[in-house]
Amino acid sequence: MGVLTARKELKFDTPVFFQDLAIAAAALGAQLFLFSPDDVELSDGSIRGFIPDPITLTYQEDTFTNPNLILDRYLPYRKSFDELQKYQEIRQNPAFRIVNSCLPDKWNVYQILKAKPTVVKNLPTTRLYSSKTLRQMIKRYETVYMKPLHETGGRGIIKITHKRKGYSLYARDLHRVQSYSRVTSLEELLARIQKITLGHAYLVQQGLDLSLVENRVTDMRLLLQKTENGEWSVTGYGMRVGAKNSPTSNLHGGGIGKPVQLLYSRFGKKRSKRIRQRFLKLAYRVGRTIEKHCGQMVEMGLDIGIDTRGKVWLIEVNGMPGRQIFKQMDRMNLYRKAVSSPLRYILGLLSIKSSEKKAQT
Ligand SMILES: Nc1ncnc2c1ncn2[C@@H]1O[C@H](COP(=O)(O)OP(=O)(O)OP(=O)(O)O)[C@@H](O)[C@H]1O
Ligand SMILES: [Mg+2]
């Protein structure tokens, strides 16, 4: 099976994940190769693939035609126009059987989920940014978050808090460098935000109080994956405790992974169990809803907020999730399961296909 990703020479996006994927593939007896859009010859469907060695992480180059299935792990951020165009052509070409897909931008994902009555109650109010919507939102909520539609990893996020005299702003630029400033009036705030956001589409979102740990944004990362039988299953979840005074909990922004027992100390065991039931129910609903709109998915990472009053919120859905949270919690068995899951799902799909073929003959 092929894995579609991005590379520069022999430097692939997420190399550690691919090495672990190669180890899992070897254990399952599956052949795995990596390739980027540039490696595809659209005229005859041939692919220049790179077979990762699970031990040395060196790559052996070979040419492939008609891989059984392709897992899409291509992250279309900060890529050249030509490469993105080629990526779209590959995805639209029926000769390639591709599973998983990068989800649409944050605003489109919100629209898809908002249309589902059982999910909308767990979504923070979200608007497309304009000076007018920001003005309305900051009047209504003490804190609002602004996020660029086409970024990840906490890049470009701004947290605005209404203070007694003016507003405070925590902003991350597109290189994740953080800054703090204050403005004294609404007009000054609107002008400042207009300058920061220039040329980028942004969301304005109701800020949630996620300070389950004092002065630290604390939320949950949950991994939803397909089993070999093709059903959604929650592989695991863990809490992320953000760096002190950071507007986000992201692991690459200084956050650390903690077991979910953190909830017990805050809400007690009984209440925590009820919260757990609620976020699990929400996760399955989100999985089904997203898949209905975005095609066959293999996995999703959900950022779930549990506010200080115990209410469950869906902050974000990631179509190509990381698994670092399990490593951080030292849950290596869970990590390995999370890595091998997509392979087992794909092998499950292939065995259904081959038994269907046998039945036809
Ligand atoms: N409305 C909100 N209220 C409170 N905290 C929030 C809100 N939105 C985001 N955050 C915090 O910021 C983090 C990053 O937000 P989000 O996941 O939407 O952006 P991202 O840049 O796509 O992140 P990543 O790609 O790392 O998952 C969240 O995990 C959460 O800790
Ligand atoms: Mg996120």
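Just so it is clear, the values below take in all heavy atoms, side chains as well, and ignore hydrogens, waters and symmetry mates. Everything quoted here is computed from the prediction, not taken from an experiment. Each ligand, and each atom within it, is numbered from 1 in the order the structure gives. Numbers here simply count residues along the sequence, with the first being 1.
Neither side chain, Asp38 nor Ser36, offers a donor N or O lying under 3.5 Å from an acceptor on the other. Side-chain contact of Asp105 with Tyr110: a donor-acceptor pair under 3.5 Å is absent, judged by distance alone. A side-chain N or O of Thr184 and one of Glu188 form a donor-acceptor pair less than 3.5 Å apart. In this model, no donor atom of one side chain and acceptor atom of the other lie less than 3.5 Å apart for Tyr74 and Asp13. Side-chain atoms of Thr235 and Gln225 form a donor-acceptor pair, as typed in the model, at a separation below 3.5 Å.
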List the steps and the verdict of salt bridge (Lys or Arg N to Asp or Glu O under 4.0 Å) for Glu299 and Arg323. CA-CA 11 Å; Glu299 57 185 0; Arg323 290 122 167 96; 2.5 Å; yes

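Contacts between Arg221 and ligand 1 below 4.0 angstrom, taking non-hydrogen atoms only, involve the side chain exclusively. Contacts of Ser249 with ligand 1, taken as heavy-atom pairs under 4.0 Å, involve both backbone and side chain. Neither the backbone nor the side chain of Thr143 comes within contact range of ligand 1; no heavy atom lies under 4.0 Å.
For ligand 1, the atoms closer than 4.0 angstrom to any heavy atom of Ile315 are 8 (N), 9 (C), 18 (O). For ligand 1, the atoms lying closer than 4.0 Å to a non-hydrogen atom of His252 are 26 (O). Numbered from 1 in the order shown, with element, the atoms of ligand 1 that lie under 4.0 Å from a heavy atom of Leu210 read 4 (C), 5 (N). The atoms of ligand 1 that sit less than 4.0 Å from any heavy atom of Asn250 are 13 (C), 14 (C), 23 (O), 24 (P), 26 (O), 29 (O). The atoms of ligand 1 that sit less than 4.0 Å from any heavy atom of Thr152 are 21 (O), 22 (O), 25 (O). Atoms of ligand 1 lying under 4.0 Å from at least one heavy atom of Lys106, given by number and element, are 18 (O), 19 (O), 20 (P), 22 (O). Every atom of ligand 1 with a heavy atom of Val217 under 4.0 Å away is listed here by number and element: 31 (O). The atoms of ligand 1 that sit less than 4.0 Å from any heavy atom of Pro247 are 11 (C), 12 (O).
Considering only non-hydrogen protein atoms, atom 31 (O) of ligand 1 sits nearest to Asp219 OD2, 2.8 Å. With respect to atom 1 (N) of ligand 1, the closest heavy atom belonging to the protein is Gln206 O, 2.9 Å. Of all protein heavy atoms, the one lying nearest to atom 8 (N) of ligand 1 is Lys147 NZ, 3.0 Å. Atom 27 (O) of ligand 1 has Glu316 OE1, 3.1 Å as its closest protein atom, hydrogens excluded (heavy atom only). The protein non-hydrogen atom at the shortest distance from atom 21 (O) of ligand 1 is Gly154 N, 2.5 Å. Nearest protein heavy-atom neighbour of atom 10 (N) of ligand 1: Tyr145 CE2, 3.6 Å.
In this structure the side chain of Ile47 reaches within 4.5 angstrom of the side chain of Pro67, judged on heavy atoms. With contacts defined as side-chain heavy-atom distances shorter than 4.5 Å, the pair Lys116/Leu113 does not qualify.
Distances from atom 15 (O) of ligand 1 to the heavy atoms of Ile157, Thr248, Asp209 show the closest one on Ile157.
Every pair passing ring pair (Phe, Tyr, Trp, His ring centres under 6.0 Å) that includes a residue from residues 10-47 is listed here, sequence neighbours excluded: Phe12-Phe50, Phe12-Tyr59, Phe33-Phe35, Phe33-Phe64. Among residue pairs with one or both ends in residues 133-161, those qualifying as side-chain hydrogen bond (donor to acceptor under 3.5 Å, both in side chains) are Arg78-Glu151, Thr125-Tyr141, Ser130-Thr133, Arg135-Glu187, Lys147-Gln205; sequence neighbours excluded. Applying the ring pair (Phe, Tyr, Trp, His ring centres under 6.0 Å) definition to pairs two or more places apart or across chains, those involving residues 183-239 are Tyr237-Phe279.
The distance cut-off of 2.8 Å around the Mg ion (ligand 2) captures these protein N, O or S atoms, sorted by chain and number: Asp303 OD2, Glu316 OE1.
Electrostatic pairing of Asp303 and Arg221 counts as a salt bridge here, judged by a charged N lying under 4.0 Å from a carboxylate O.
For ligand 1, the polar-atom distance check against Gly207 finds no nitrogen or oxygen pair separated by under 3.5 Å. For ligand 1, the polar-atom distance check finds an N/O of Leu208 within less than 3.5 Å of one of the ligand's N/O atoms. Between Gly153 and ligand 1, at least one N/O pair is under 3.5 Å apart.
For the side-chain contact (heavy atoms from CB on, under 4.5 Å) criterion with Ile325, the lone passing option out of Arg240, Met239, Met220 is Arg240. Between Thr248 and the options Arg176, Gln178, Arg172, a side-chain hydrogen bond (donor to acceptor under 3.5 Å, both in side chains) holds for only Arg172.
A donor-acceptor contact shorter than 3.5 Å links the side chain of Lys86 to the backbone of Val40. Looking only at distances, a side-chain donor or acceptor of Asn100 sits under 3.5 Å from a matching main-chain atom of Gly319. A donor-acceptor contact shorter than 3.5 Å links the side chain of Arg7 to the backbone of Glu9.
Residue contact annotation: Arg240 has a non-hydrogen atom under 4.0 Å from ligand 1. By the 4.0 Å heavy-atom criterion, Gly156 is excluded from the residues contacting ligand 1.
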